[in-house]
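Following: one structure in structure tokens, then a few remarks.
As the structure lists them, so they are numbered: ligands from 1, and atoms in each ligand from 1.
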Amino acid sequence: MRVFVASLATETNTFSPVPTDLSAFKAAFYAPPGQHPPTPTLCSAVVPALRSRRADGDFELVEGTCTWAEPGGLVKRQTYEELRDEILEQLRAALPVDAVVMGLHGAMVAQGYDDCEGDLLSHIRDCVGPDVVIGATFDPHSHLTAQRVRSLDAMNAFLEFPHTDFMERAKQLVDIVLRAARRDIKPVISTFDCRMIDVLPTSQQPLRGFVDRIVALQGTGRILSISLIHGFLAGNVADLGTQVVVVTDNDPDGGEHLAHDLGMEVFGFRGSTRMHTLSPEQAITRARDAIADPATTAPVVLADIWDNPGGGVAGDGTLLLSALIDAGIDNVGIATIWDPIAVAFCKAAGIGARIHLRIGGKAGPGGGDPIDADVEVRNVVDAAWQSFGESRVPLGASAVIRIAGTHIDIIVNTNRTQCFEPDIFSNLGIDPTAKDVLVVKSTNHFYAGFIGIAAAVLYVDAGTHYPSDPKRTRYTKLTRGIWPIVENPHDVT
Ligand SMILES: [Zn+2]
């Protein structure tokens, strides 16, 4: 038996001012065939999952290219076509194969391609024919399209948000694909369109209990896998929205019923799932109270949830930083402000230099103005990184600057990335536990890493150019009504 695996992934914020080209893939993660590291990345965990199954010795694994770009704006047409054709060529050279496993994200949009994954999967289907098993993993912040479902035999999205289960979900999908390739099972995909879009963190109710029940349901009866596609707010595409996916062992009726019931349950959660957010002023008041309390021995974490490069924005917003400076909060760590120009200046000035620096606020409107300040260059590193579970996320060349007269330490970086884990600070010489306040640019992925060192976690809505309110976002491609843009899309009375 021969299995082909590859990964092509990014999350496209079609409203972002940061275009995505080949250099964005090469800077974030690009592994040619055979060069994938032993550790997984978010969307390529299928590679280490297949390698460990191959150790059992009953199939041959052919690895194609695996690549990922940090979420950003529209992918350049040539970049998508080049990466797609690279993988298709590798697949053609690998034929005949019994199965194809793809590590995808599912929210990639390129110039002229609103559904890159649908396009890629249908090319793969054309290439291998109808009898080869094709499976893929997806991020739940994606768009589910009929073209994808038509081309796939099995699929799996991460259930957790934060996506702490990406490795587990990859292993589960690999297991289904291998069993199907041996003809032990016949996976069938059933879907239900919840016709809504919202933010669905699973670190809190009601999604926590829902996901726990889904996990328990999988493997019972003929249910092979259940996924909830949350949808991705920042994609102006026809299929934007939440969907339930049930993969059964050849039980389309059972799958459809279950998808419908689970989907209507999720529809019932609408409007009640988002994290409770505070304005910067409210958050700073809460942080100040905590700092003043002698019982507080750990930092207060302020999550700047919409200036999150993981959602495709630039990540150079300054609104929360300037509110902290104005409020006189002194002992702060900030991860990160994306600012390649500031990094280049710090590098040229050198560690220990005191310079006047323009910080952040350069890439586009909506995230605040640049901050001009006297700073001390505390550290400069050519290739900074942070952990995300088992994977290593590069920050690129980075610097730590301290605003003069304060203990406000800011990481400025060149590879746009959200903040995942506290070692983003410690790897650059900042002790995160010694700070009163930590600012993280992340919607919820930081949570698993920071909850253990935080006195409190506060979600801050500081304003941004991220389209966080679907009622006010100009979606021009929707072909059906979804909540909250329409109130009752299922016409339930
Ligand atoms: Zn996601």
Side-chain angles (χ1 to χ4, degrees), residues 7-16 20 28-29 40-46 68-73 75 102-109 116-117 136-145 148 155-170 173 194 196-204 207-208 210-211 214 226-235 237 239-245 266 273-275 303 305-313 315 386 388-391 393 416-421 440-449 459 466-468 470:
S7 174
L8 173 53
T10 189
E11 179 184 74
T12 302
N13 177 338
T14 60
F15 303 92
S16 169
T20 304
F29 178 67
T41 71
L42 182 71
C43 295
S44 70
V46 286
W68 153 266
E70 182 67 13
V75 178
M102 295 298 298
L104 304 174
H105 180 288
M108 182 171 175
V109 184
C116 291
E117 290 83 355
T137 54
F138 292 92
D139 186 291
H141 301 114
S142 54
H143 317 291
L144 187 66
T145 69
R148 297 177 195 187
M155 60 173 284
N156 231 354
F158 319 137
L159 287 173
E160 301 290 345
F161 176 38
H163 304 326
T164 50
D165 62 336
F166 62 87
M167 191 67 224
E168 203 181 314
R169 293 296 272 177
L173 189 269
C194 302
M196 60 180 271
I197 185 73
D198 209 342
V199 182
L200 304 168
T202 62
S203 46
Q204 61 184 41
L207 265 297
R208 180 68 262 144
F210 181 78
V211 167
I214 284 183
I226 304 172
S227 298
L228 179 65
I229 299 294
H230 297 195
F232 181 56
L233 279 170
V237 295
D239 292 288
L240 172 79
T242 306
Q243 298 212 34
V244 173
V245 178
V266 173
T273 58
R274 283 194 185 208
M275 299 78 88
I305 63 169
W306 297 124
D307 193 42
N308 168 16
V313 299
Q386 62 176 327
F388 181 38
E390 290 175 54
S391 71
V393 180
R416 292 168 45 257
T417 173
Q418 71 178 296
C419 173
F420 291 109
E421 296 202 17
V440 298
K441 301 286 185 85
S442 176
T443 308
N444 207 30
H445 281 317
F446 73 95
Y447 188 86
Y459 293 97
Y466 187 89
S468 60

Margin query: Quick check for you: with the Zn ion (ligand 1) as the vertex, what angle do ND1 of H141 and NE2 of H163 span, to 10°?
Written below: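 It comes to 110°.
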
Notebook entry, point to check: V199 and side chain to side chain contact (heavy atoms under 4.5 Å, CB included): which partner among N444, L233, L207?
Noted result: L233

Next item on the list: Please state whether the rings of H141 and H163 are parallel, tilted or perpendicular, taking 30° and 60° as the class boundaries.
Entry: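 H141 vs H163 ring planes: tilted.
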
Notebook entry, point to check: If you measure only the distance, is there a donor-acceptor pair under 3.5 Å linking the side chains of N308 and T443?
Noted result: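 On atom types as modelled, these side chains qualify, holding a pair under 3.5 Å.
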
Notebook entry, point to check: Got more than 12 heavy atoms from elsewhere within 6.0 Å of CD, Q204?
Noted result: yes

Note to self: Is E11 close enough to the Zn ion (ligand 1) that one of its N, O or S atoms comes in under 2.8 Å?
What the structure shows: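 Checking E11: none of its N, O or S atoms is under 2.8 Å.
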
Note to self: Please name the atom of D139, limited to N, O or S, that comes nearest to the Zn ion (ligand 1).
What the structure shows: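 Closest N, O or S atom of D139 to the Zn ion (ligand 1): OD1.
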
